[in-house]
Amino acid sequence: MDRTTGRTFAHGATRFAPSPTGELHLGNARTALFNFLLARHGAERFVLRVEDTDASRSRPEHTVGLLQDLRWLGLQWDAGPGCEDALGPYYQSQRAALYAQRFEQLQRQGVVYPCFCSAVELEAARHAQRAAGRAPRYPGTCRALSAEERHRRLGAGQPATLRFRVPAGRYIEFTDLVHGLQRFLSDDIGDFVIRRADGSAAFFFSNAVDDAAMGVTQVLRGEDHLTNTPRQLLILEALGLPAPRYGHISLILGSDGAPLSKRHGATSVREFRERGYRPEAVVNYLFRLGHSSGEHDLLGLDALAGVFDPRHLGRAPAHFDEQQLTVWQKHAVHRLDPQAARDWLAPLLPSGLDPHTAMAFCAAVLPNVVLPEDAKPWIDIVFGPAPALCGEGADVVREAGSGFFSAAARAAAGGADFAAIAAAARAASGRKGAQLFRPLRFALTGLGHGPELAPLLRVMPAGEAERRLSRFA
RNA sequence: GCUCCCUUCGUCUAGAGGCCCAGGACAUAGCCCUCUCAAGGCUGUAACACGGGUUCGAAUCCCGUAGGGAGCGCCA
């Protein structure tokens, strides 16, 4: 039993390990969601680890934003920042001592070696290899340095990275949670850096080592890591640490088939939040992006976790389609209760509006609103001055005649009871159906379409309905 | 260049040799309902990238082709 969350966990764990180098992107949000659901589905722990080993690119404000976005989506982690436990710390920048032990272990085993090549030399080598039509791999310059040579250079203070010595002629196999059996030849992998010259741990290393240290047993991550997996398996194997089961999910593409990027419009969770999207809409949309289930309703995270199944993760890249997100947004908005609706639209509502009226107004316009901005015109129509009529509206009103409106206005004088107003107008004119309602709608709102009139009238300032109707009497 | 991944309606997908002249959801079109819009109901349009094999039979297996993507970094 976990003391802070009160949850009971099975032995496994999943994790989301973002790097605070930017905002939480939709693709990463989906990865986080899938890991969260996988954990919840199996009653496992969901770990959040901040991969901030690259001091030059990591920013504290990005970490803050990341945590905020995840919480907004409802993806609360069981261990991680703010939920530290014995397996932490959960910021990689604070785990240097742990890494040092592992570096030492690998050095003792002789499976790593210091590399003195400079960035310039390496760049030149890669360039030459590409030009020669070969794979740009580390040429092995420092691989066979003699012990004396190494000591001499190290002693002279020459900066060195630590490289992993990749064994030759080996197949590395693993079963991917979504792609099935994968097999790579070690000869295609060059010796890679696991510790930078400044002493910090490189991704392949810290990421793999931490998964093992934190008890992570299943990892869903972006497909861009698929061909990196053999490297991490090699490290874990050398260290004698257990490897998690990896599942690689496809990238999210824009409508043009290119990987989703800023030029496709909004791509960060923050942007959608600020535009008024509901977290449950984003979550439900992301859940269906590259994952299938028999469920077609808007579901809560617990329900989603119940039906989440990594075997139903798609292999093909999914296209982000804002129209589909809008559908979920509509569902999410329509099921908001009056209080939640008022909270959602609160920033737009006129100040000084009494809470009860505010709530009633929001409930009235909600069926016609997808994003908060859609409510804006109705705020003006209901609480602002009487709206002017367009050409068509003027025609409809004129055609109904002054007798129609004088009867309606008289009824409105007794209160903004729409049924009574409509009944009076009907009695005076004999009109019914659209003939009856359209003139009233235009006179009262200035538009030919919109939310139901009765609830709208109930929240209009006292006497306003009568004033608007009298204009045409 | 090398290695790897991917390719079913507009979109998300079901489909693991016959149950598929391919099913669902959303979108879209039409109709019904209706004071409008929304909601709801009904009906429709719409896809196995291409070419070869294997098989009595292939969306499903194999091989190619094309297209898209990723990795090969002292980024993660």
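Only a predicted model underlies this, so the values are computations on that prediction, with no experimental measurement involved. Order of the sequence lines fixes the chain letters, A, B, ..., with proteins taken first and strands second; residue numbering starts at 1 for each chain.
- The partner of G51(B) is C63(B), by the rule that a Watson-Crick or G-U pair needs both atom distances under 3.5 Å.
- In this structure, R49(A) forms no cation-pi arrangement with Y90(A), as its terminal cationic atom is not both closer than 6.0 Å to the ring centre and no more than 45° off the ring axis.
- Between F383(A) and F361(A), the gap from one ring centroid to the other is short of 6.0 Å.
- Applying the ring-ring contact (aromatic ring centres under 6.0 Å, His included) criterion to W344(A), with sequence neighbours excluded, gives no partner residue.
- Only H312(A), listed by number, bring a heavy atom of residues 303-314 of chain A to less than 4.0 angstrom from any atom of RNA chain B.
- For the pair L453(A) and P367(A), nearest-nucleotide mapping onto RNA chain B gives the more 5' position to L453(A).
- Every side-chain hydrogen bond (donor to acceptor under 3.5 Å, both in side chains) that R102(A) has, sequence neighbours left out, goes to Q105(A).
- Residues from residues 230-239 of chain A that place a heavy atom under 4.0 Å from any atom of RNA chain B, listed by number: R231(A).
- By the ring-ring contact (aromatic ring centres under 6.0 Å, His included) test, F192(A) is found to be paired with F164(A), F204(A), residues two or more places apart in sequence or in another chain being considered.
- Here the closest non-hydrogen pair linking S58(A) and D52(A) is OG-CA, 3.4 Å.
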Derivation of the side-chain hydrogen bond (donor to acceptor under 3.5 Å, both in side chains) call for Y277(A) and E322(A): CA-CA 11 Å; Y277(A) 279 93; E322(A) 192 157 345; 2.9 Å; yes
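- Of all nucleotides in RNA chain B, those with any atom nearer than 4.0 Å to a heavy atom of chain A start and finish, going 5' to 3', at G1(B) to A76(B).
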Would H248(A) and R221(A) count as a side-chain hydrogen bond (donor to acceptor under 3.5 Å, both in side chains) here? Give the steps. CA-CA 5 Å; H248(A) 292 91; R221(A) 57 187 344 188; 3.3 Å; yes
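- The pair E237(A)-R170(A) counts as a salt bridge, with a side-chain nitrogen and a carboxylate oxygen less than 4.0 angstrom apart.
- When Watson-Crick and G-U wobble pairs are counted only if both distances are under 3.5 Å, C33(B) pairs with no nucleotide at all.
- Between K376(A) and E373(A), none of the side-chain N atoms (NZ, or NE/NH1/NH2) sits under 4.0 Å from a carboxylate O, so this pair counts as no salt bridge.
- Between F418(A) and Q182(A), the residue anchored nearer the 5' end of RNA chain B, judged by the nucleotide with its closest heavy atom, is Q182(A).
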